[in-house]
Number of protein chains: 2
Amino acid sequence: MHRSRITMSEVARAAGVSVSSISNAYNRPEKLSPAVRNRILDVATSLGYVGPDPVARSLRRRRTGGVGVVFTDDLEFAFSDPASSGFLAGVGRELMARSNHLVLLPTGTPDRDRLAELDRAAVDGVILHSLPSRNATLDLLERRGAPAVVVDQPGPVPGLGWVGLDEVAGMRAVGEHLRDLGHRHVGVITSRLSTRPYDGRVGGARRRRSVYDLPRWRIHGLEEGLGRTVTVEERWRVSEDDGARAAAALWSQHPRVTAIACIADTYALGVLRWARERSIEVPHHLTVTGYDDVARAAEVGLTTVAQPFSEKGRAAAGLLLEMVDGVDPRHVVLPTRLHERASSGPPLVR
Amino acid sequence: MHRSRITMSEVARAAGVSVSSISNAYNRPEKLSPAVRNRILDVATSLGYVGPDPVARSLRRRRTGGVGVVFTDDLEFAFSDPASSGFLAGVGRELMARSNHLVLLPTGTPDRDRLAELDRAAVDGVILHSLPSRNATLDLLERRGAPAVVVDQPGPVPGLGWVGLDEVAGMRAVGEHLRDLGHRHVGVITSRLSTRPYDGRVGGARRRRSVYDLPRWRIHGLEEGLGRTVTVEERWRVSEDDGARAAAALWSQHPRVTAIACIADTYALGVLRWARERSIEVPHHLTVTGYDDVARAAEVGLTTVAQPFSEKGRAAAGLLLEMVDGVDPRHVVLPTRLHERASSGPPLVR
DNA sequence: GTGGCGTGGTCAAACGATTTACCAAAGGAT
DNA sequence: ATCCTTTGGTAAATCGTTTGACCACGCCAC
């Protein structure tokens with residue numbers, strides 16, 4: 001804690017040695033005779049000195065021991081959402097294991113502000129999580145040359161650390177699963193693809209302009225998995241946070257749909273609830289799949305793709321710490337796994 | 001971000017002014033003529049100077065703008081548990097609103113280590129959350145005189161900020177509710193009361209020695225609410241994280257119980273699941289109550305007590321920032337509210 | 001007795017900013 | 001012309017450490 005009223009030189013005076021020796025007592029025990037070191041430590045505690053001031057030390061060493069994490073999403077969400085909180089926990093765990101600490105950076109929505117806060121924070125590097133892509137922040141960051149790791153971004157950014165999942169492969173597995181089950185009309189529920197709110201059908205043009213890549217990648221993978229060998233008549237997206245409402249819309253407008261693939265479990269859970277209320281049997285009348293494998297997914301038997309949340313965090317933290325130590329930026333790709341559960345099955349033959 | 005290679009004096013040289021003026025340009029615009037200030041800012045950006053180094057600034061100003069939060073529980077839990085994450089979010093929100101940032105402090109279990117980490121962190125003060133009571137940390141902290149706020153601790157600690165809920169009143173409301181419904185045999189499921197693992201019946205002696213106060217307070221409130229006018233034959237506690245298992249044990253050993261009051265929603269949800277599996281009708285055969293009002297409680301109609309998680313965080317952060325500014329430590333008590341829902345009803349008459 | 005080599009410490013220069021005086025120049029009032 | 005104020009800016013001390021260079025001393029070998 002800052003504010004330690006008493007300083008090294010006071011301890012030095014009291015112990016009758018030089019400041020350097022105090023410093024050595026704390027930082028390089030081998031440079032001091034045990035006798036002197038013990039005396040110093042005794043004097044220190046008797047004076048109530050708790051050790052070198054962290055700020056001064058950081059200044060001198062040019063190393064703070066802190067890593068910043070920047071979120072675009074609001075904090076409430078960041079902590080409660082399993083994906084996000086799992087990630088954070090992973091970051092935290094890795095950092096603490098290496099005796100660094102985690103700093104939560106204020107997140108102003110406009111890019112400029114966010115970067116400003118980043119410059120005001122005493123950290124050795126930052127981890128950027130779930131940013132919109134095509135992002136000014138990234139460019140600026142890159143130009144600056146400070147250690148930074150991005151997570152869940154499109155392809156590796158030169159000069160920055162990168163950790164991502166094989167999202168395409170993960171969702172491809174879902175697609176293949178659905179195809180193999182025999183589904184021919186699949187609906188998709190996705191989070192918003194652009195920064196502007198928009199509900200309803202998502203055309204190709206809109207999709208290509210998407211600035212949020214996570215959804216884009218997943219949908220891409222899904223379509224790959226569904227494949228050409230199967231004739232897929234329509235693919236739909238509804239950008240709506242409430243899975244239930246989205247499902248209702250999809251269902252009423254596209255009665256031929258036999259499976260709904262959701263880009264995240266949250267939506268899928270909403271769909272399941274809606275189905276239950278409407279007495280639509282899952283998977284008999286409708287197959288539902290999710291993505292993320294949140295805790296609740298297992299409870300309700302949702303077929304979904306698991307991503308290793310906290311592993312992702314660990315990896316990001318590890319990478320960043322590496323970079324702080326001067327290692328060149330690397331990138332890491334983590335695998336995902338499809339959990340087939342009770343919410344998916346073959347479509348009704350008609 | 002630390003590491004900005006270029007410094008104030010370089011900007012000063014380039015702009016042909018003194019370092020002080022650079023500082024003024026950033027910190028006290030009114031002390032500079034607009035002309036000079038703009039020139040400085042221009043030169044700065046053209047040089048790639050991103051503003052005063054946070055660490056150096058902290059050293060000089062004796063203020064870091066960071067607030068440490070210490071958790072005893074493991075991070076995974078800290079982020080995912082709604083109570084905990086809500087609290088964190090509240091803290092974060094308040095801090096950011098006042099342009100401070102949140103630092104997660106590593107949490108070594110032994111008290112000495114924890115405090116050590118605290119001394120190594122560059123923060124203006126700390127918030128301590130859900131500590132075991134009778135805690136050496138508190139004494140040390142108090143002695144030290146650094147700004148600190150404790151949350152969910154027993155009565156106010158002199159010299160420290162304090163924010164708590166009226167836990168007793170909250171659980172008293174549950175007790176009264178159960179009493180008014182006519183229950184006479186109530187079971188209680190609580191988290192562990194001591195640091196040593198122990199499952200089973202919890203006697204008065206063990207309870208009084210409890211080092212975790214939250215459970216203790218709540219149980220106390222519950223018993224107050226149940227009151228003397230009602231003859232309560234037995235009160236039980238099972239210290240077991242799995243509500244379902246706890247309920248099963250309670251139920252088999254105490255068939256006369258008509259209501260189970262849980263110290264936290266987590267347990268109550270487990271009990272409900274167990275009841276469903278065993279076809280025990282709630283609230284017909286069994287009344288179940290929780291505490292915390294997590295999101296899922298509303299979904300399943302669990303009668304519970306809501307505590308204002310994020311308000312708690314806000315209050316803690318606010319208090320701490322106050323103290324950093326030199327205000328004397330205060331304490332804040334936040335109210336709770338009973339939500340009566342479908343999981344509680346009158347007992348079966350026999 | 002001289003050269004070489006640890007041991008155990010000290011010196012003093014950074015690290016990069018903030019801030020309290022202090023000062024020069026320019027008006028303004030008398 | 002003199003004195004008093006602003007206005008705009010600078011000098012220099014300070015914040016509390018870390019660290020590379022340096023030094024005194026004793027010891028050993030030759």
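Chain A is the first sequence line, chain B the second, and so forth, proteins listed ahead of strands; every chain is numbered from 1.
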Write down the distance between [atom1] ([X]) and [atom2] ([N]), rounded to a whole number of angstrom.
| X | N | atom1 | atom2 | result |
| --- | --- | --- | --- | --- |
| R57(A) | dG16(C) | CZ | C1' | 18 Å |
| R13(A) | dT10(C) | CZ | P | 14 Å |
| D119(A) | dA17(C) | CG | C1' | 15 Å |
| M8(B) | dT19(C) | CE | C1' | 12 Å |
| I22(B) | dG9(D) | CD1 | C1' | 12 Å |
| R63(A) | dA14(C) | CZ | C1' | 20 Å |
| R28(A) | dT19(D) | CZ | P | 6 Å |

Step by step, work out the ring-ring contact (aromatic ring centres under 6.0 Å, His included) result for Y26(B) and Y49(B). CA-CA 12 Å; Y26(B) 284 96; Y49(B) 181 72; 5.8 Å; yes
Measuring to OP1 and OP2 of dT17(D), would you say a side-chain N or O of Y49(A) lies under 4.0 angstrom away? yes
Hey, does [Y] have a side-chain heavy atom less than 4.5 Å from the side chain of [X]?
| X | Y | answer |
| --- | --- | --- |
| M96(B) | V91(B) | no |
| K312(A) | V163(A) | yes |
| L160(A) | V149(A) | no |
| L102(A) | V67(A) | no |

Hey, could you give me each pair passing side-chain hydrogen bond (donor to acceptor under 3.5 Å, both in side chains) that has a residue in residues 32-44 of chain B? Not counting sequence neighbours.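 Found none.
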The side chain to side chain donor-acceptor pair (under 3.5 Å) partners of S310(A) (sequence neighbours excluded) come to none
Can you pull every protein N or O that's under 3.5 Å from an N or O on nucleotides 12-15 of chain D?
unit_1, atom_1, unit_2, atom_2, d
dT14(D), O2, R60(B), NH1, 2.5

Distances under 3.5 Å between protein N/O atoms and the N/O atoms of nucleotides 4-9 of chain C, please, pair by pair.
unit_1, atom_1, unit_2, atom_2, d
dG9(C), OP1, S33(A), OG, 3.0
dG9(C), OP2, S33(A), N, 2.6
dG9(C), OP2, S33(A), OG, 3.0

Residues forming a salt bridge (Lys or Arg N to Asp or Glu O under 4.0 Å) with E94(A), sequence neighbours excluded: R98(A), R314(A)
Can you list the residues that meet the salt bridge (Lys or Arg N to Asp or Glu O under 4.0 Å) rule with R330(B), with sequence neighbours excluded? E322(B)
